[in-house]
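Quick notes on the structure that follows.
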Amino acid sequence: MVHIRRFGFSGALAVSLVVVMLFGINPITVLTGQVAKPLPYTPLTALAALAAGEGQPADLVGALERETDGFWARGFRNGATYYPPSRLTMVASHDGLGCGLAGSDIGTFYCPEDSTIYVDMSAYAALVAAHPQTGHLAEAYLIGLAYGHHVQNAQKLYDPATEETASLPQGEREQRLSAQAACYAGASSKWAGLPQMLDSPDIVAAITAGLAGGGDVTRATSRTNVPVPRDFAPASAELTRQWFNAGYGIPAIGTCRFDRITLAP
C-alpha cells in the first residue's frame, strides 16, 4: 500500500482509469457498471468504417443527414431566419420513392412538395459497385446537393416572382439555381470534413454516374403548389466546380447568395 499512501486513493483511481482507457474500455462502464452507448457516426468515421468493411451505407447516410441538416439549421438560426424542417428518407428501391417519382432512376433527390430528401439505397449500392473507391463520396455529394435544394426552397427561390429571380430568362435562372445548389453542397461538405470533391476526376466520374438519372434536378409533381420546373437546365461542369469550391472555401450561406452567382466561369 506504499503507492496508495503516497498518491492517495484518488490518485490510484486516476491511474486505474488511464490504464482502463488504454485498453479501450469506457471508464463510465467501470465507475457505474453501465455500458455507454457508442457515439453516433460522423461522415468521416462512417467513411472509415466502410473502407474497413465494418460499416453500412445507411451509417453514412444517417451521419450526413445529422451533419448537413444541423449545419443549415445553425446557419439560418444565426441569421435570425426560419429554417423549415426537412426529412431524409432511405428507400430500399426506386419503387419506394415519393414525390410522384416511384419507379424512376433518379436515385437521390429533393422533393419540395414534402421537403424530403429521398435516397434510393439500391441505386447507392449500384453506384458503389461501379465506383468502389469513390462511390461513397459521390453519394455524399448527391445528398449535399439535395440539401442545397432544400435551402433554396427555404428562401423561396423557386418562385419566378421572387425578387432575386424575377428578371432572369428561364434558362439562365435554372442554371444559376443549379450552380447555387453546388455552392451549398460545397459549404456543407467542408463542415462535414469531406474533401474538395469536384477537383478529383475520379470522384467527378462517380458523381456524374450518380446524376445520370437526374439527381441534380429539383423535382415537383404537377400537383404541388411549389412553382418548380420539372427539369432544370443544369450549370456547366466548370461552373458547378467553381461554385462548389466557392462554398467549400467559405462555408456560409452568404457565399452562395443568388445575386452573386454568375454564369461566366
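Predicted, not measured: the structure shown is a model, and the values here were computed from it.
- In terms of hydrophobic clustering, with Ile, Leu, Val, Met, Phe, Trp and Tyr side chains grouped at heavy-atom distances under 4.5 Å, Ile143 and Val204 are assigned to a common cluster.
- Residues Tyr248 and Ile207 share a hydrophobic cluster, clusters being chains of Ile/Leu/Val/Met/Phe/Trp/Tyr side chains in contact below 4.5 Å.
- Note that NE2 of His149 and CG of Leu177 are 8.5 Å apart. Values are rounded to the nearest 0.5 Å.
- The nearest pair of heavy atoms linking Ala192 to Pro43 is CB-CG, 3.9 Å.
- Applying the side-chain hydrogen bond (donor to acceptor under 3.5 Å, both in side chains) rule to pairs touching residues 138-147 yields Thr108-Glu139, sequence neighbours excluded.
- A donor-acceptor pair under 3.5 Å is absent between the side-chain atoms of Thr255 and the main chain of Pro251, judged by distance alone.
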* Could you check Tyr110 against Asn153 for side chain to side chain contact (heavy atoms under 4.5 Å, CB included), going step by step and ending with a plain yes or no? => CA-CA 10 Å; Tyr110 171 69; Asn153 193 27; 2.9 Å; yes
* Asked: Under the side chain to side chain contact (heavy atoms under 4.5 Å, CB included) criterion, do Thr89 and Val119 qualify, and how do the steps go?
  -> CA-CA 6 Å; Thr89 298; Val119 180; over 6 Å; no
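- Remark: Trp72 CH2 is packed, more than 12 non-hydrogen atoms of other residues, nucleotides or ligands lying under 6.0 Å away.
- Smallest separation of non-hydrogen atoms from Pro85 and Ser115: O-CB, 3.7 Å.
- Between atom CG of residue Leu194 and atom CG of residue Leu44 there is a gap of 6.0 Å, rounded to the nearest 0.5 Å.
- With hydrogens and angles ignored, the 3.5 Å screen pairs no side-chain donor or acceptor of Asp59 with any backbone N or O of Ala46.
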* Asked: What do the steps show when you test Leu157 against Gln180 for side chain to side chain contact (heavy atoms under 4.5 Å, CB included), and what is the final call?
  -> CA-CA 11 Å; Leu157 291 176; Gln180 185 188 45; 3.3 Å; yes
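- Both Leu137 and Met121 belong to a common hydrophobic cluster when Ile, Leu, Val, Met, Phe, Trp and Tyr are linked at side-chain heavy-atom distances under 4.5 angstrom.
- In this structure, the separation between CG on Asn245 and CD on Gln242 is 8.5 Å, given to the nearest 0.5 Å.
- Closest non-hydrogen pair, Ala140 versus Leu64, comes out as CA-CD1, 3.6 Å.
- No donor-acceptor pair closer than 3.5 Å links the side chain of Ser178 to the backbone N or O of Glu174.
- Within 6.0 Å of the CD1 atom in Ile250, the count of heavy atoms belonging to other residues, nucleotides or ligands does not exceed 12.
- Of all non-hydrogen atoms in Phe109 and Cys99, the two that sit nearest each other are CE1-CB, 3.8 Å.
- The two residues Leu127 and Ala209 make their nearest non-hydrogen contact at CD1-CB, 4.1 Å.
- Listed for the Thr240 side chain is a donor-acceptor partner under 3.5 Å among the backbone atoms of Ser236.
- Residues Tyr184 and Cys256 share a closest heavy-atom pair of CE2-CB, 3.3 Å.
- Residues Leu142 and Val151 are members of one and the same hydrophobic cluster, defined by side-chain heavy-atom contacts under 4.5 angstrom among Ile, Leu, Val, Met, Phe, Trp and Tyr.
- For Arg257, the salt bridge (Lys or Arg N to Asp or Glu O under 4.0 Å) test picks out Asp259, with sequence neighbours left out.
- Atom-to-atom distance recorded for Leu101:CG and His94:NE2 is 12.0 Å, nearest 0.5 angstrom.
- Separation of atoms OG1 (Thr42) and CG (Leu47) is listed at 8.0 Å; rounding is to 0.5 Å.
- Here salt bridge (Lys or Arg N to Asp or Glu O under 4.0 Å) pairs that include residues 187-202, with residues two or more places apart or in two chains, are Asp199-Arg241.
- Checked against side-chain hydrogen bond (donor to acceptor under 3.5 Å, both in side chains), His136 has the following partners two or more places apart in sequence or in another chain: Tyr124.
- One N or O on the side chain of Arg66 and one on the backbone of Tyr41 form a donor-acceptor pair closer than 3.5 Å.
- In this view, Arg260 satisfies the side-chain hydrogen bond (donor to acceptor under 3.5 Å, both in side chains) rule with no residue, not counting sequence neighbours.
- Summarising the geometry, atom SG belonging to Cys183 is positioned 10.0 Å from atom CD belonging to Gln152; distances are rounded to the nearest 0.5 Å.
- Checking side-chain atoms of Thr116 against main-chain N and O of Asp114 turns up a donor-acceptor pair under 3.5 Å.
- With sequence neighbours excluded, the residues that form a side-chain contact (heavy atoms from CB on, under 4.5 Å) with Ala179 are Ala235, Leu239, Trp243, Ile261.
- Evaluated for a ring-ring contact (aromatic ring centres under 6.0 Å, His included) with His150, the options Phe76, Phe71, Tyr83 yield exactly one hit, Tyr83.
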